[in-house]
Every structure is written in C-alpha cells, then in structure tokens.
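All remarks here apply to the structure that follows.
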Amino acid sequence: MNVQWQAWRDRRGDRTRVLSRQQARITELVAYARQHSPYYRSLYTDLTRDFRLTDLPPTAKPELMAHFDEWVTDPAVRLSDLDVHLADPARIGTLFRDRYLVSTSSGSSGQRAVLLQDEPMRKVANTLGALRAMPALGVGLVREIAARGGRMANLVATDGHFGGVATAEFQRAQRPSRADRLRVFSVHAPIEETVAALNEYQPAMLGGYATAQVALAHEQLAGRLRIAPVLITTGGEAIPAADRALLAQAFGAEVRNQYGCSEFMLLTFACALDRLHINDDWAILEPVDDRGHPVSPGVPSTSVLLTNLANRVQPIIRYNLGDSITIDPDICGCGRQYPTLRVQGRTNDLLELQAPDGTTVRLLPLAVTTVVDGLPGVRRFQIVQTTPTHLHIRLDATNPDAWPRLREKLTTYLAKQGLGTVEVTLDQTPPQRDPSTGKFKLVTVAKQT
Ligand SMILES: [Zn+2]
C-alpha cells in the first residue's frame, strides 16, 4: 500500500489500526536488520520468532557509532567515506552516493552521531509533514499562512551538516520552484544581518531555535524588525513560559511547540490544542526510568527509546535518545488518538548534587527551572552546575531585587531536597548558548576541563 494513502487513512490515529500497522512494520524492520546489518544479526542471535519489541535489547549511540560500518545495511557505506562528505560544507543537503541524506547530531549525550536517511524515510517524512502536521494546524491557520505567501524562515545552526539545515537545503534543491518558500537563517549571524534579511523575505512561518526567535521578538518590539508571521514553531530547546508569551505578543502569531530529533525529525505534530501527537505509526517512543524499565503515562521518564519504522539503511531500534518525556495519560480533545507527550529536557542536563552525607541527589531540569521561572524582574536565566556542591546562576534581570529573590527561592527549594549545603552564586556571564551545538539550555552541567 502506498505511504500517502496509509497516512491519510490513519489520520485520526485509530488505535486498532495503527497498532496493527506498527506491529507489521516492526516485524519487517527487524527481519531486514537481521538480514542486512551484521551488528543487528549478532545482537539478535537468540531472538525467537514470536518476539515482542520489548524483548529486543536497547541500543545506544556510542556503541552503534563504534560499529558504524556493521550497523548500516548497505555495505557500500563506510564511515571513513562519510567523513569526507561531512568535511565539505558545500555538500550540506546533498545525497551521499546519490542515495542518502546525511546529517550529524550531538543530541542529548553530546556525542556525535552520523545519520543517514534513505529514500523511503524521506518519503515518510514528506508525507507526515504534508498530510498530518499541516492539516493539524487547523484550516484557518493554513489559509492564513497561504495568504501571507507561505514562506518559512528556519533559524538554525548552518555551519555544519545538522539535520535542520541539511533537510532544508535538500528540499530546496529537489523542488527549485518552491526554494523561495523555505529558507534557513544562521543563529550565529549578526542580528542586524538577520533582521535585514527577514524584513525582505517576509516569512509567514518562523521555525527553529527559540532563543533566536526571542532575540528577534525584541527586535520586532523595538521596531527594527517588521515581519508578520502567522505561526511560530519552537523546537530544539526548552522555552520558558514568559518567552512563549513574548513571542505571541511581539509577532501576534500562534506559537506551537515541536519535538523531533535527527534520528526522526517528524516524531510529533502539534494540533490546534497545542498538544504534541506522536506519529507512532512510523516512530515508537518508549519512556524508561534510570534502570531502563518502562514508565507509565503521566510519569516523567529518565530517558526514551526510539524505534524508527521507516528508515532501512541504518536501523534505529530501541535507541536511547536520552530525553526526558512524559506521555499524557488522556486522549487529546482534538479527537486524534495518536498519544501526546510533554518534553522535560535532555538527561545530560540532569543535575547530580551532593548532600552533606555524601549521597547523590538527582534533580530533573524542569523541576529546578519551574522554581525560578516566572520570577518578577528575571528576563532570562541559566543554571550551571560547576561542581557537585555548586550552582552558578547566569542572569539577565531588569530589577536589582531579582537576584536575591531568585537565590532565596532556589536555596529554599534545595534545602527541601536535602541539599542545604549546595552553594548558589551569581555568575557574571550572561545566559548563553552551548558554543559547540548552538543550543540554549536552561540547566546545564559545566564540562570538566
Ligand atoms: Zn490533539
């Protein structure tokens, strides 16, 4: 059956049909991986015929990357050749061996992955975008986007083969007639340059990194930027409620969340109720705790395992993404039965602090940020763990009282967690992006040097 027709037929996410579709695709994927990937063949040696997905051992990026040439199912693909492709910025968004779209990702672990998308994967991604993500925005919004010219501006890191820029450049090259409707803007470019380019481009949609969008919202409020996007999709990093409100107000636009990864870009789609539905006919997410056991809906996970049912060249099966998510326990009011999720953050940002008796107390990033988020006078903040007993706060405040107030709230919260001896100090550096990934993290652990 044809991919588009199936996606259209499954648009409401009817559970019986989607789950049987899912099961058939798992069986097919595992059979393919065993036949064509030496890595999976040896990993699945003891697999019985009537296996379930949860019987399969989880996989992890460091292990897969260490066995890259055995992981892929096309023996003509070698990591050493891919590295040559990746070293050339002129090849961003071009096909490797005329077949595979390549991207690199550091993801939540900070370790590099090299990811290939084959033709079936690209077809599924296009289909999910056109037949599921767009219609879910609602007829009114889609019409308004079209009326404003339908142009999309994506604010991403462009100085490497990252998923966002590689996909956009590939699509532009594929459909030159539509190239003008999709453009990427570098988050590292000087803001005046981006403002001038956007004033000329006049996008109907603004996507990409939220911190870059927020910087543009300030430009819009100051009158230097004059654009009228209808839709803003925020993705790639956590966004505080105040920033979300600022984006909506500055641009008079709808703000929708987005969650995906280089291993499966269109993991979710946002509906008119702004809930993130998982495309689980093509991608399975299994939230797990710190021992790798499944967690129930409504409970935040420590990590999540991804199975990509579309891509064959590089099977992603129960692959540890490292993100903390919560599957919602209820069905969304929009009527679609695809499960919805909330994203807490990346597990490498989990704080591991030391109590006076020497034990380690782990704090979820979201738990810590909600203590501080929304305090009056705080425009932006960033929590940096420098040692197991020390947090540095980077602060952009409009009010001199903001720091003592924030410090008091945070130390009170920490004391309740048995962390009364953890020191909280003000960092003179303003909040900033991770220099290597270009992403902004609210809670981050300083790398040991
Ligand atoms: Zn919904």
No-hydrogen, no-angle side-chain donor-acceptor test under 3.5 Å, Tyr100 and Gln117: no

Distance in Å, Leu285 CG paired with Leu341 CG, rounded so as to fall on 0.5 Å steps: 6.5 Å

Counterpart residues, salt bridge (charged side-chain N to carboxylate O under 4.0 Å, His left out), relative to Arg172 (two or more places apart): Glu169

Beyond-backbone contact of Val77 with Phe96, side-chain heavy atoms, under 4.5 angstrom: yes

Least distance between heavy atoms, Gln385 atom then Glu352 atom: NE2-O, 3.0 Å

Flag side-chain contact, heavy atom, 4.5 Å: Arg11 against Pro135: no

Residue pair Val102 / Ile92, side-chain heavy-atom distance below 4.5 Å: no

Any side-chain heavy-atom pair of Val84 and Leu86 under 4.5 Å: no

Worked verdict on Thr359 versus Gln354 for side chain to side chain contact (heavy atoms under 4.5 Å, CB included): CA-CA 6 Å; Thr359 56; Gln354 202 177 59; over 6 Å; no

Could you go through residues 217-232 and list every donor-acceptor pair under 3.5 Å that involves a side-chain atom there, pairing it with any protein atom two or more places apart or in another chain?
| residue | atom | partner | partner atom | Å |
| --- | --- | --- | --- | --- |
| Glu219 | OE1 | Arg224 | NE | 2.8 |
| Glu219 | OE2 | Arg224 | NH2 | 3.2 |
| Gln220 | OE1 | Ile227 | N | 3.2 |
| Gln220 | NE2 | Ile227 | O | 2.8 |
| Arg226 | NH1 | Gly223 | O | 2.9 |
| Arg226 | NH1 | Arg224 | O | 3.3 |

Close side-chain approach of Ile145 to Leu137, heavy-atom, < 4.5 Å: yes

Geometric class of the Tyr338/Phe269 ring pair [parallel <30°, tilted 30-60°, perpendicular >60°]: perpendicular

Spacing of CG belonging to Leu56 relative to OG1 belonging to Thr307, to within rounding of 0.5 Å: 7.5 Å

Exercise: do Thr234 and Gln258 side chains pair donor with acceptor under 3.5 Å: no

Residues Asp281, Arg132: salt bridge by 4.0 Å N-O rule: yes

Exercise: identify the closest heavy-atom pair between Gly160 and Val165: O-CG1, 3.4 Å

Considering all heavy atoms, the nearest Ile317-Tyr40 contact: N-OH, 3.5 Å

Residue pair Leu353, Leu391: steps toward the side chain to side chain contact (heavy atoms under 4.5 Å, CB included) verdict: CA-CA 9 Å; Leu353 295 165; Leu391 295 179; 4.1 Å; yes

Ring pair (Phe, Tyr, Trp, His ring centres under 6.0 Å) pairs, two or more places apart, involving residues 382-406: His390-His392

Residues which pass side-chain contact (heavy atoms from CB on, under 4.5 Å) with Val288, listed by chain and number, not counting sequence neighbours: Ser303, Leu305

Met152 side chain reached by Thr233 side chain, heavy atoms, under 4.5 Å: yes

Salt-bridge criterion met for Asp118 and Lys123 (N-O under 4.0 Å): no

Minimum side-chain heavy-atom gap Gln202-Arg151 below 4.5 Å: yes

For Asp328, side-chain contact (heavy atoms from CB on, under 4.5 Å) partners two or more places apart: Arg275, Asp330, Thr340, Arg342

Pairwise distance CG(Asp83) to CG(Asp88) - rounded to 0.5 angstrom: 12.5 Å

Intermediate values then yes/no, side chain to side chain contact (heavy atoms under 4.5 Å, CB included), Val313 and Met121: CA-CA 9 Å; Val313 62; Met121 175 75 237; over 6 Å; no

Between CD on residue Gln382 and CD1 on residue Ile393, distance to nearest 0.5 Å: 9.5 Å

Side-chain donor/acceptor of Ser37 to backbone N/O of Thr73, under 3.5 Å: no

Minimum-distance pair of heavy atoms, taken over all atoms of Arg312 and Leu309: NH1-O, 3.4 Å

For Gln23, all residues meeting side-chain contact (heavy atoms from CB on, under 4.5 Å), sequence neighbours excluded: Ile26, Thr27

Which atom of Pro297 lies closest to which atom of Pro329, heavy atoms considered: CB-CA, 3.8 Å

Ion pair check, Lys61 and Glu63, cut-off under 4.0 Å: no

Heavy-atom closest pair, residues Met65 and Ala113: SD-CA, 3.8 Å

Asn154-Arg183 side chain donor-acceptor pair, cut-off 3.5 Å: no

Donor-acceptor pair between Asp69 and Tyr39 side chains, under 3.5 angstrom: no

Beyond-backbone contact of Asp280 with Gln22, side-chain heavy atoms, under 4.5 angstrom: yes

Stepwise side chain to side chain contact (heavy atoms under 4.5 Å, CB included) test for Leu306 and Ile284: CA-CA 6 Å; Leu306 165 71; Ile284 301 173; over 6 Å; no

